[in-house]
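Working notes for the structure below.
Throughout, protein chains are lettered first and strands after them, A, B, ... in sequence-line order, and every chain is numbered starting at 1.
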Protein chains: 2
Amino acid sequence: MASVDRHRQIIDAVRRAGQLSVVELAERTGTSEMTVRRDLELLAEQGLLERYRGGAKSVLLRGEEPPFALRATDGIEVKERIAASVAEMIADGEAVVIDAGTTCLAVARALARRRLTVMPLSLHATNALVGAPQLRLLMPGGEPRPGELALTGPLTEASLAALRFDTAIIGCCGLTAANGLTAYDLADAAIKRAAIASAHRVIVVAEAAKLSRTALALVAPASALHAVVTTDEAPDAEVAALHSLGVAVRRV
Amino acid sequence: MASVDRHRQIIDAVRRAGQLSVVELAERTGTSEMTVRRDLELLAEQGLLERYRGGAKSVLLRGEEPPFALRATDGIEVKERIAASVAEMIADGEAVVIDAGTTCLAVARALARRRLTVMPLSLHATNALVGAPQLRLLMPGGEPRPGELALTGPLTEASLAALRFDTAIIGCCGLTAANGLTAYDLADAAIKRAAIASAHRVIVVAEAAKLSRTALALVAPASALHAVVTTDEAPDAEVAALHSLGVAVRRV
DNA sequence: AGGTTCAAACAGAAAATATGTTTGCTATGT
DNA sequence: ACATAGCAAACATATTTTCTGTTTGAACCT
């Protein structure tokens with residue numbers, strides 16, 4: 001499908017320019033205005049940009065987290081590499097809780113054919129896991145946040161509080177030795193905290209960029225974590241600092 | 001797609017004969033054996049029949065409930081008619097719990113564009129409701145039963161016990177004035193009971209055939225119900241009996 | 001061993017989807 | 001109110017994907 005390339009091109013162009021007209025986008029993509037309009041309608045539906053009469057504008061503001069659909073296709077190979085590494089760390093028969101987010105979704109996919117008990121914290125991961133024959137799927141309650149489909153709220157916390165997992169696989173928006181594990185969303189942070197509290201072992205997945213970032217909501221100090229799986233590009237200083245706090249860091 | 005007709009033809013033929021060879025099926029459908037094999041693989045995956053070397057056999061036994069995928073395409077118009085009628089009975093702003101099952105799935109679809117708070121008791125309904133902009137979606141916890149994707153177990157019961165809905169929309173396997181509301185699955189029955197207990201008003205959806213059937217597990221006596229939506233074919237005697245127990249019966 | 005059943009690979013057919021053009025409608029600004 | 005740009009629907013065409021049947025060689029059962 002060539003359309004997916006064009007979609008990416010449109011998103012990038014709009015993001016770079018802040019906003020662009022339909023005419024301008026039609027020229028840049030070498031297609032008709034009608035096609036651009038159809039694309040914009042589609043992309044706006046997914047929350048990837050915002051439509052206005054005559055064009056579209058970027059939805060990326062300030063320090064906010066980009067929407068799920070945007071992150072989903074970003075750096076897939078890296079996420080899959082991290083996910084494969086995490087899958088190696090899980091033994092058959094374990095009970096695992098998997099956080100929301102795109103990296104954790106990759107982990108869920110990597111675990112789908114394993115013999116495990118899994119509680120996913122987002123409906124995306126749920127959809128990746130239903131139908132897996134060997135897997136015992138446990139759903140938490142909660143309210144799915146639009147787009148992200150991360151389950152949050154008191155029902156989710158209650159579900160987690162009632163269970164004890166062998167391993168929690170947690171995603172994050174930021175992780176440093178000094179500032180700990182942080183998230184953009186307060187409700188998400190509360191869930192991550194509950195998931196960590198319900199698990200014997202905590203594995204954090206974090207692309208390298210997150211190891212030099214701190215988000216608004218503190219989830220837990222770094223010392224509460226047992227392992228971090230990241231990539232080669234992770235800054236040595238941060239890795240060393242985490243290591244000195246007793247966190248095993250794995251770079252893949 | 002013509003293949004869906006052929007699938008139905010294959011399912012019916014296998015069900016009628018108990019079991020049939022690939023060669024026989026290829027002849028009956030007027031296609032090649034390879035196509036039949038591919039179909040059988042597909043259908044077996046959905047649990048619609050069972051594959052064995054050389055052919056396939058029916059998976060329908062005794063008084064058991066046919067698998068979800070089989071019921072899903074059965075009598076859609078009737079289910080949609082019932083669903084539309086139920087949708088009329090729900091006022092905007094209500095909090096509604098929707099049971100699992102194919103008829104209830106139709107109700108979920110009919111309510112997707114409404115301004116409501118909805119807790120679906122199956123992941124099929126969840127998928128029909130995510131992304132609905134006006135709707136507040138609440139997920140119960142629980143373990144999704146394969147195929148059906150009905151959420152059951154203590155997590156589901158706990159989720160229901162924590163909430164009070166305006167209306168519960170309940171499906172069933174059997175409903176008579178004498179034997180009450182019944183279900184095939186014990187775990188399902190427990191959930192239905194919890195849903196009924198958590199709601200102020202209980203609406204049961206039931207195709208006519210269910211009004212002359214009784215399944216294994218008792219959910220509730222008919223007197224616990226407020227309304228039943230069924231079709232014209234519902235037997236008059238049963239309708240009258242239900243009515244005399246204070247249940248409003250609507251035939252659409 | 002010997003026949004049958006099956007899965008993979010490929011090519012052609014059929015269907016679904018994507019695209020561009022035209023046309024008439026709608027919204028926006030003056 | 002009017003003019004204009006933007007838009008949506010309808011349709012025809014092009015492209016892609018999916019479906020199907022045949023062939024071939026491997027797997028299976030007796």
Side-chain angles (χ1 to χ4, degrees), chain A residues 1-15 17-59 69-70 72-73 76 113 127-128 131-134, chain B residues 1-15 17-59 69-70 72-73 76 109 113 127-128 131-133:
Chain A
M1 221 191 292
S3 64
V4 77
D5 295 334
R6 193 181 56 243
H7 289 172
R8 183 148 284 279
Q9 194 183 347
I10 289 176
I11 291 165
D12 287 349
V14 169
R15 177 154 34 159
Q19 71 172 62
L20 276 176
S21 70
V22 169
V23 175
E24 176 77 12
L25 282 167
E27 272 174 30
R28 293 207 196 183
T29 58
T31 63
S32 71
E33 298 180 25
M34 195 59 232
T35 300
V36 169
R37 285 203 191 89
R38 282 190 272 239
D39 286 347
L40 291 183
E41 187 182 4
L42 213 80
L43 296 171
E45 232 168 55
Q46 294 175 58
L48 294 173
L49 42 74
E50 216 165 281
R51 196 65 217 288
Y52 66 85
R53 192 177 177 79
K57 63 167 184 271
S58 173
V59 79
L70 206 58
T73 53
I76 301 184
R113 311 193 143 266
N127 286 329
Q134 306 231 50
Chain B
M1 224 193 289
S3 64
V4 76
D5 295 335
R6 191 180 57 242
H7 289 172
R8 184 146 282 282
Q9 194 183 349
I10 290 176
I11 292 165
D12 288 348
V14 169
R15 179 157 28 161
Q19 71 173 60
L20 275 176
S21 71
V22 170
V23 176
E24 177 77 45
L25 282 167
E27 272 173 31
R28 292 207 196 182
T29 59
T31 63
S32 70
E33 295 179 25
M34 195 60 233
T35 299
V36 169
R37 285 203 191 88
R38 281 189 273 240
D39 287 347
L40 291 183
E41 186 182 3
L42 213 80
L43 296 171
E45 232 169 55
Q46 293 174 60
L48 295 173
L49 42 74
E50 217 164 283
R51 195 65 217 286
Y52 65 88
R53 191 175 179 81
K57 66 169 183 272
S58 173
V59 79
L70 207 60
T73 52
I76 301 185
R109 292 207 184 101
R113 312 193 142 265
N127 286 328

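Straight-line distance from the CZ atom of B:Arg51 to the C1' atom of D:dA27: 14 Å, rounded to whole Å. Taking atom CG on B:Asp39 and atom C1' on D:dT18, their separation rounds to 13 Å, with Å as the unit. Between A:His7 atom NE2 and C:dT17 atom P the separation is 15 Å, expressed in whole Å. Nucleotide C:dA15 holds its P atom 12 Å from the CG atom of B:Asp5, rounded to whole Å. Distance, A:Leu42 CG to D:dA8 P: 13 Å, rounded to whole Å. Remark: C1' of D:dG6 and CD of A:Gln19 are 15 Å apart, rounded to the nearest angstrom. Rounded to whole angstrom, the span from the CG atom of B:Leu40 across to the C1' atom of D:dC19 amounts to 16 Å. Remark: C1' of D:dC7 and CG of A:Leu25 are 16 Å apart, rounded to the nearest angstrom.
Among D:dG21, C:dT19, C:dT5, the nucleotide with an atom closest to any side-chain atom of B:Thr31 is D:dG21. Of the candidate nucleotides C:dT19, D:dA8, C:dC6, D:dA8 has the atom nearest to the side chain of A:Met34. In the set C:dA18, D:dG21, C:dC6, the nucleotide with an atom closest to the side chain of B:Ser32 is D:dG21. For A:Arg53, counting side-chain heavy atoms from C-beta on, the closest listed nucleotide (D:dA27, C:dT21, D:dC7) is D:dC7. With D:dT20, D:dG6, D:dG21 as the candidates, the nucleotide lying closest to the side chain of A:Arg37 is D:dG6.
With rounding to the nearest 0.5 Å, the separation of CG in A:Leu43 from CZ in A:Arg51 is 10.5 Å. Rounded to the nearest 0.5 angstrom, A:Ser21 OG and A:Glu27 CD are separated by 7.5 Å.
Side-chain contact between A:Arg8 and A:Thr73: present, with at least one pair of heavy atoms (C-beta onward) separated by less than 4.5 Å.
In terms of heavy atoms, B:Leu49 sits closest to B:Val14 at CD2-CG2, 4.3 Å. Listed here is the closest heavy atom pair of B:Leu25 and B:Ala13: CD2-CB, 4.2 Å.
A donor and an acceptor atom sit less than 3.5 Å apart, one in the side chain of B:Arg38 and one in the base of D:dG21.
Heavy-atom nearest nucleotides on DNA chain D were determined for A:Glu41 and for B:Glu33, and the one closer to the 5' end corresponds to A:Glu41.
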